[in-house]
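Taking it in order: structure first as C-alpha cells, then the write-up.
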Amino acid sequence: MSRDLLDKSYSPKAVEKRWYAYWEQEKLFAADDNTTKKTYSIVIPPPNVTGVLHMGHALNNTMQDIMCRYRRLKGDSVLWMPGTDHAGIATQNVVEKKLAAEGTDRHQLGREKFIEAVWEWRKEYGNAIINQLKRLGASCDWERERFTMDEGLSRAVRKVFVQLYDEGLIYQGNYIINWCCRCHTALSDLEVEHEDLDGHFYHIRYPYADGSGSVVVATTRPETMLGDTAVAVHPEDERYADLTAEAVILPLMNREIPIVRDAYVDLSTGTGALKVTPAHDPNDFDIGARHDLPSVKVIADDGSMTDAAGRFKGMDRFACRKAVVEALEAEGLLERVEPHRHSVGHCYRCKTVVEPNLSRQWFVKAKPLAGKAIEAVETGKTRIIPESWTKTYYEWMFNIRDWCISRQIWWGHQIPAWTCQSCRKMIVAMDAPDVCPDCGSTDLIQETDVLDTWFSSALWPFSTMGWPEQTQLLKAYYPTSVLVTGFDILFFWVARMMMMGIHFMKEIPFHDVYVHALVRDEEGKKMSKSKGNVIDPLNVIDQYGTDAFRFTLAAFAAQGRDVKMSEKRVEGYRHFINKLWNAARFSLMHIDKSYDSIDEKNISLQDRWILSRLNRVARQTEEALDAYKFNEAAGAVYQFVWHELCDWYLEAIKPTLYDKAGGEEKAATLSVLWHVFKEALILLHPFAPFVTEEIWHSLPGTDGSIMQAVWPDHIQPGNDPAAEAQMETAITVITGIRNVRGEMSISPSTALSVVVHPEDSETDAVVESNRDLIVNLARLSAITVDAAMERPKAAATVLVNGATVYVLLEGIIDFTQEQARLEKEIGKLSKELSGINKKLGNEDFLKKAPPDVVDGVREKHAALLEKQHALAATLERVKDMMD
RNA sequence: GGGCGGAUAGCUCAGUUGGGAGAGCACCGGCCUUACAAGCCGGGGGUCACAGGUUCAAGCCCUGUUCCGCCUACCA
C-alpha cells in the first residue's frame, strides 16, 4: 500500500475521500457489543433531519471525533452513536413549504398522506447532514444510525409516555400556554424566543358600573381587553380603600365585570389597577382561578378574533389592536399612549409573535423528576464542564415548571392516548386498544396531538442503544462517557436527558457534560443568514481541507470562550498541515525501513532530546484532552511538530542523514526518526485524521490503519532531563550566533568562525561534544572551544549561560553596529535588574517570601549582574577599538 | 429584575497551588541554505479596562466603576 510522496504540497481532496471510504469499508468505526475492553461512549447530539452542516455542528462533532479517535488509540472500545432528529415543527414547515410550491397544502392532503410525504422527503433529503458529517471525518458507528421516529425509538417513546402517565407524572389540563398562530401549535416555554421591541403602553379608562367615576388600566395588548373578566387592585391599596363600586363597565363590550382584590397587583405600578384577561395572560389566569372568574377567549388559534370579540369578530389580532385603539379614542376612553419597549415572545421556528392562549394540553410534572437530576450533579456523579455552567443548570432545575409536551402538528410521535366515544374513558397504552376496558365499546379515537420533539430526544442516550430491551450494547456502553454540546440546548435537551435517564435507567446518562461555546464570525457576531456573515464549513473544507479546518476549530476552542472563525485562520493551519506533509516527504526520503527498537548506544544529543520531548508532549496532550482542553492539546502538538521536530531536530540530523558512508550513527538516527515521526503522526491523528492516515501508509513498517495504532505511552528511551538541558545550552549558543548574524546583517551564505570560552565544565563538555551540531545549525566554518585562548579582537561577543561566544568578524565587523547591539543588550539587562534590585532591597520580601523563591531571585540577580559587567567590559573594548 | 462571561501586543486570543508577560497572524530586516517561499533566520512592539484593597509580591484573590456580549424572567 506504500506510495511515494512526491507532491510538494498536500492536496486534501482525493486523500480525504479515499481514506474515509477505507475506514468505513474496514469497519474501523464499529463498536463491539461484547467487548471486554474498557469502554468509551458518546451519543451524538442528533442533528435535525432538515439540517445542513453549520459551524456549530462542525465544532461539536470535531470535538467528539477528537475524543473518540483519541480513546481508540488509547485502546478503549469506543461507541460513537449517530443519528438524526425528526424535528417536528421544523420538518413539518419544510415539507409544507414544498407542498405550497406544488400548489397544495397538508389539509388538502390529509394527515395520513401528509405524513407519507414527510417520510418521502426524509428518504430523499434526510441524509444530507450525515454525508456532511462524514466529510468532517466523523468516525461514528454508522451502521447503528438511529432516527427519533424509527420503530424502536417510537416504541421507547410510547413506553415512557405510558409509564409516566401511570405514575401520575403526565397529565392533561386547561392552562395558558404559548401558542404559535402560524404553526398552529402549542410551544413549551423554552421554544419561545424573547426579543425587546418598541411597542406602546395604552392607558384605558374603565367607568365604574355605579357611575361613581372610573379607573385607568394599562396594557401593551389592548385587543385582549375584549376578553377581560375583571379589574384587580391590591387589597391594601389605600387609593381604592374607600371604593364603593364593585364592578366596572368593560368599554366597547358594555359588559359588567367585577373589581377583585388580589395581592399579585403591584402597588407601585401605574394606577395600581390591573385588567384581568384569564384566557390570554398567565398571571391573569392565576388571578382568575383564585377569584373564580370566567375565561373569555377572544383570540382564536389562527390569530383571528373569536365570536366573543363582539363587533371585532374575524379581524386579525393585530388589525384588531388598531381598531380597538381607534374605537376607544372615539369614545374618549383612551387616556394616553406611551411608547414602551418590552420583550415580546416569538416562535423559535417561524418567528411569529407568540400568543399566550388558554388551551387543553398535555404536561409532564417536572419537579419530581428534577430532584434526582439536581442531586446527580451535586454529588458529582455527572460533572458539567466548564463548571460555571452548573450554576445555570441548578438555576433552571430549581425553578423548573411543568413541561407542555403536546403539539398540534402532524409530524411526530402521536400521543398514545385514546378516548372511548361512548363512556369518555381515557385509555393510555403502548399499543392501540381494540375495545374500551370499561364499557367494551370499539369506538375509540386516538389523541390527534403529537409529542414535543424534545420528548423523544430526552430518551436518546438509552433509546438508541435498544431500550426498552436490555441489550448487550446498553450493558457495555451506558452510561455514556461524555455528552458534548452547546449551551443553547442545555435546558432543551441535557436537563431533560438527565431527568429521563435517571428515571428510566436508574442511572445517569453521562459521566461528563462538556459544554462548548458558539462559533461566531471574525468580528465575534453570531452567524446568521440575515446578517450574511455565515461561513459554510463545507466551503472551508473544499478550500483548505478537513484537517486544517479541524485543527483550527480545536486550536481556538478554549473553554468558555466563543470561537471566532475566519478563513484567514484556517489558512494558517493549512500551512501547518502542509509543513507536516513536507516533513514527511523529507523523512521518507531517508527512512528505508522500520525499526523495532532504538539503538541507544549510538544516539546523539538531538536524538535523546527529541525522544524526551516526544514523551513529554504525549503526556501533555493526554492531560489536555482528558480535561477537554482542546486548544492546549492542539497547541502542544503543533508546537512540538513545527518548532521542535521540524525546526530543530530535522535540521540537526541532516548532516547525519546525508552522510553517504552511513555507519552506526546514521542507523541509530534513522531509528529515532522513524519512531518519533510515527508517534508524532499518532499524536496528530485525532486532530488531523486524513493527512496522518495518508502519511502512515507511506511509512515503512506500518500495518493497516493509523486508527489501529497505539497511543505513545512512555517510549524508551524517554524522559531525559539532562539531554533537554544540554540541548537547551546548544540552542542558546546557536541562537546567540544567529542573532549576531541577523543584527549585523551578515548573509547566511557567509560562513562564520567562532571561539567559545566555556566557564564551567558542563558547558565545556556540551559545546565540545556537539561541535558539529553547532557548526551546522549556526552555519559556521570553524569553532574553537578553549577557555585559555586569547580573546579575539575583531569579534562580536555573545554571552550565554556558562560560556562566552566570540563571533570572529575580521574585516566584516562594523564597530558602530556592534556598539549599538551591545548597548541594546545592556539596556535590556538593566531593566530586568532594576526590578530585581527593588525586590532584594525589600526587607519584608527577604523575611516573608519562601526561601526557595528568595534564593531563586538571588541567583538570577547574580547571573544578570555578571552578564551586565561582562557586556559593559566588552562595550568598553569596542569603544577603544573605534578610537 | 436576576445571573454568567469578557476587557492582556496593531488584530485574534492563551495564561490556577499569586513570584519569568506569552502564542498565532500582521509588521520590519536578511535569505530561493539540496522537505517545505504555504518556507527559513533574526527583530521591534504591552500602565494586563479604570479606581481602591489584601499580600513581602497581583494579569491572577477581594470590593467598586465603566464598556461589550450572552442567558434568563409573568411586571400589567
Side-chain angles (χ1 to χ4, degrees), chain A residues 5 8-10 176 189 194 201 217-221 224 232 264-266 268-277 281-286 340 342-343 356 386 388-389 391-392 395-396 399 487-488 490-491 517-518 520 522-526 544 548 555-556 558 560-564 566 568-569 571-590 629 631-632 635 638-639 643 646-647 650-651 654 658 735 738-749 777-779 824 832 835 838-839 842-850 852-854 856-857 860:
Chain A
L5 293 165
K8 246 172 127 171
S9 54
Y10 172 63
I176 292 276
D189 295 331
H194 293 273
F201 218 172
V217 297
T219 179
T220 55
R221 296 181 298 150
T224 62
Y264 168 77
V265 182
D266 183 1
S268 60
T269 305
T271 60
L274 172 71
K275 65 188 270 306
V276 181
T277 324
D281 184 282
N283 297 307
D284 294 7
F285 178 80
D286 293 341
H340 183 61
H342 62 129
S343 101
S388 55
W389 287 107
K391 193 168 177 178
T392 311
E395 202 63 34
W396 190 73
N399 300 308
F487 58 78
D488 47 335
L490 196 58
F491 305 139
L518 245 50
R520 299 172 175 281
E522 59 186 317
E523 286 163 18
K525 293 198 188 102
K526 208 166 170 171
Y544 304 98
F556 281 98
R561 192 141 196 161
D562 289 339
V563 177
K564 286 181 196 164
S566 77
K568 193 110 198 233
R569 279 168 210 171
E571 199 180 337
Y573 286 96
R574 179 179 61 169
H575 294 175
F576 173 68
I577 299 295
N578 195 51
K579 183 78 182 173
L580 174 73
W581 177 256
N582 277 293
R585 285 206 312 140
F586 171 74
S587 302
L588 293 171
M589 276 166 52
H590 299 96
K629 295 185 173 173
N631 60 322
E632 285 182 17
Y638 178 98
Q639 161 71 24
H643 299 301
C646 291
D647 286 353
L650 294 185
E651 293 303 328
K654 272 179 181 174
Y658 282 116
T735 306
R738 284 173 174 175
N739 180 296
V740 168
R741 193 189 284 278
E743 299 259 311
M744 304 193 73
S745 305
I746 300 162
S747 158
S749 55
L777 294 179
R779 294 179 162 272
K824 193 174 86 183
E832 230 177 310
K838 211 168 124 195
K839 241 181 196 177
N842 184 341
E843 286 292 324
D844 284 329
F845 171 70
L846 299 176
K847 254 194 304 201
K848 295 183 184 169
D852 57 317
V853 172
V854 176
V857 172
K860 187 154 189 200

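Just so we're clear, the structure is a prediction, and the values are computed from it rather than from any experiment. Here is the naming used below: chain letters follow the sequence lines, and residue numbers restart at 1 for every chain.
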Main-chain N/O of Thr735(A) paired to Asn739(A) side chain as donor or acceptor, under 3.5 Å: no
Distance, rounded to the nearest Å, where Phe845(A) contributes CZ and rA58(B) contributes P: 12 Å
Complement of rC48(B), any strand, by Watson-Crick or G-U distances under 3.5 angstrom: none
Sugar-phosphate only, base, or nothing, as touched by Lys824(A) at under 4.0 Å among non-hydrogen atoms: sugar-phosphate
Aromatic ring proximity, centroids under 6.0 angstrom, Tyr573(A) and Tyr638(A): yes
Phosphate-side-chain proximity, Lys579(A) and rC40(B), N/O vs OP1/OP2 below 4.0 Å: yes
rG1(B) to rU65(B) separation - P atoms, rounded to the nearest Å: 13 Å
Pair assignment for rC61(B), Watson-Crick or G-U wobble, requiring both distances under 3.5 Å: rG53(B)
Spacing of Arg585(A) atom CZ relative to rU34(B) atom C1', expressed in whole Å: 12 Å
Contact under 4.0 Å: His643(A) side-chain N or O vs rG24(B) OP1/OP2: yes
Sugar-phosphate, base or nothing in reach of Glu743(A), heavy atoms under 4.0 Å: sugar-phosphate
Interatomic distance where CG belongs to Asp266(A) and P belongs to rA76(B) [whole Å]: 11 Å
Side-chain N,O (Lys8(A)) to OP1/OP2 (rA37(B)) below 4.0 Å: yes
Any His194(A) side-chain N or O less than 4.0 Å from OP1/OP2 of rU72(B): no
Rounded interatomic separation in angstrom, taking CD from Glu651(A) and C1' from rU34(B): 11 Å
Touch class at under 4.0 angstrom, heavy-atom based, for Ala218(A) against every strand present: sugar-phosphate
Shortest side-chain distance from Asn842(A), nucleotide among rA26(B), rC56(B), rA76(B): rC56(B)
NZ (Lys654(A)) with more than 12 external heavy atoms under 6.0 Å: yes
rG53(B) to rG18(B) separation - C1' atoms, rounded to the nearest Å: 16 Å
From rA76(B), rG20(B), rC41(B), nucleotide with atom closest to Arg738(A) side chain: rC41(B)
Spacing of the P atoms in rG46(B) and rC11(B) (rounded, Å): 13 Å
Listed nucleotide nearest any side-chain atom of Asn582(A), set rU12(B), rC36(B), rG19(B): rC36(B)
Between rG24(B) (C1') and Asn631(A) (CG): distance, integer Å: 13 Å
Distance, nearest 0.5 Å, that separates CZ of Phe576(A) from CG of Asn578(A): 11.0 Å
Nucleotide opposite rC67(B) in a Watson-Crick or G-U pair, distances under 3.5 Å: rG6(B)
Residue closer to the 5' end of RNA chain B, Ser749(A) versus Arg741(A) (nearest nucleotide): Ser749(A)
Distance between P atoms of rA23(B) and rA9(B) (Å, rounded): 14 Å
Any donor-acceptor N/O pair, Arg741(A) side chain to Arg779(A) backbone, under 3.5 Å: yes
Donor-acceptor pair present, Lys391(A) side chain and rC4(B) base, under 3.5 Å: no
Contact check, side chains of Thr277(A) and Arg221(A), non-hydrogen atoms, under 4.5 Å: no
Side-chain N or O of Asn283(A) closer than 4.0 Å to phosphate OP1/OP2 of rC75(B): no
Base partner of rC32(B), which must satisfy Watson-Crick or wobble distances under 3.5 Å: none
Between P of rG15(B) and CD of Glu632(A), the distance in whole Å: 6 Å
Gap in Å between the two P atoms, one belonging to rU16(B) and one to rC32(B), rounded: 43 Å
Rounded distance in Å between the C1' positions of rU8(B) and rA58(B): 14 Å
Touch class at under 4.0 angstrom, heavy-atom based, for Arg221(A) against every strand present: nothing
For rU16(B), the Watson-Crick or wobble partner whose two distances fall under 3.5 Å: none
Check: Tyr264(A)/Asn283(A) side-chain N/O donor and acceptor closer than 3.5 Å: yes
Complementary nucleotide for rA38(B) - Watson-Crick or wobble, under 3.5 Å: none
Toward the 5' end of RNA chain B, by each residue's nearest nucleotide, Thr271(A) or Arg779(A): Arg779(A)
Separation between the C1' atoms of rC31(B) and rA37(B), rounded to whole Å: 10 Å
Sugar-phosphate, base or nothing in reach of Asn578(A), heavy atoms under 4.0 Å: base
Interatomic distance at C1', rG3(B) relative to rG42(B), whole Å: 50 Å
